[in-house]
Amino acid sequence: MLDKIQAFVSLAGNLNFSRTADELYTSQSTVSKHIAALEKQVGMKLFERSSRRVRLTREGEYLLPYAQRLLADSRQFDQAAAACRQEQTKTLDLYAIPTMTNYDFFKAVNRLYGPASGDRPAFS
């Protein structure tokens, strides 16, 4: 679905199938198929086409801001997901024999991976 919306927004900006195809790194026939599929899905023509020019219909003009917002929201979603992946807790399982506590092993780990590094080790 987003491919169709991207083709719609790009074609609305370029009003040229060839430039839109170049912008999207695809073929003119793919752009044409995306537009035809989107028009079928929404049940109305979004562009008026002639052999010499492409023009947005009134319906296309009405729907364009929604399509642009949808693409912007999609980019924000991708950015938020990337940030979330970076924030995920990383786990390091350490196995130790009881005498390691005598040598301040856990204090050393805390110093290495504690507040200064931004990580928060948890011991159980």
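Bear in mind the structure is a predicted one, so any value in this text is a computation, not a measurement. Because only heavy atoms are used, hydrogens play no part in the values below, and waters and symmetry mates are left out as well, while side chains stay in. Numbering starts at 1 and runs along the sequence shown.
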Q: Check whether any side-chain heavy atom of Met1 lies under 4.5 Å from a side-chain heavy atom of Gln41, and answer yes or no.
A: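 Side-chain contact under 4.5 Å: yes.
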Q: Taking all atoms of both residues into account, what is the closest heavy-atom pair of Leu24 and Ala7, and its distance?
A: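 In this case the closest contact between Leu24 and Ala7 is CD1-CA, 3.7 Å.
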Q: In terms of hydrophobic clustering (I, L, V, M, F, W, Y; side-chain heavy atoms under 4.5 Å; direct or indirect links), are Tyr66 and Leu46 co-clustered?
A: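 Hydrophobic grouping puts Tyr66 with Leu46.
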Q: Hey, does Val54 have a side-chain heavy atom less than 4.5 Å from the side chain of Asn16?
A: no
Q: Minimum heavy-atom separation for Gln28 to Ala21, with atom names?
A: N-CB, 3.6 Å
Q: Between Phe17 and Leu11, what is the shortest heavy-atom contact and its length?
A: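 Closest approach of Phe17 to Leu11: CZ-CD2, 3.6 Å.
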Q: First locate atom NE2 of His34, then atom CD1 of Ile5, and finally report the distance between them rounded to the nearest 0.5 Å.
A: 11.0 Å
Q: From Arg75 CZ over to Leu70 CG, what is the distance, rounded to the nearest 0.5 angstrom?
A: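 Here the rounded value is 10.0 Å.
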Q: I need the Asp22 CG to Asn14 CG distance, nearest 0.5 Å.
A: 9.0 Å
Q: With the side chain counted from C-beta on, respond yes when Thr57 and Glu61 share a heavy-atom pair under 4.5 Å apart, and no when they do not.
A: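 A side-chain contact under 4.5 Å is absent here.
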Q: Kindly state each residue pair satisfying salt bridge (charged side-chain N to carboxylate O under 4.0 Å, His left out) with at least one member in residues 42-58, sequence neighbours excluded.
A: Glu39-Lys45, Glu39-Arg49, Glu48-Arg55
Q: So which heavy atom on Ala67 is nearest to which on Val9, and how close?
A: CB-CG2, 3.6 Å
Q: Quick one: are Leu56 and Phe8 in side-chain contact, heavy atoms under 4.5 Å?
A: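 Yes, close enough: below the 4.5 Å cut-off.
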Q: Is there side-chain contact between Ile35 and Lys4, with heavy atoms separated by less than 4.5 Å?
A: no
Q: Leu64 and Leu2: same hydrophobic cluster, using ILVMFWY side-chain contacts below 4.5 Å?
A: yes
Q: Rounded to the nearest 0.5 Å, what's the gap from CG on Asp3 to OG1 on Thr30? Could you check?
A: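 Rounded to the nearest 0.5 Å, the CG-OG1 separation comes out at 10.0 Å.
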Q: Going by side-chain contact (heavy atoms from CB on, under 4.5 Å), Ser10 matches just one of Val31, Thr20, Leu71. Which one?
A: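 Only one of Val31, Thr20, Leu71 forms a side-chain contact (heavy atoms from CB on, under 4.5 Å) with Ser10, namely Thr20.
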Q: Can you tell me if Ser29 and Ser32 form a side-chain donor-acceptor pair at under 3.5 Å?
A: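 Their side chains do not contain a donor-acceptor pair, so the 3.5 Å distance test is not met.
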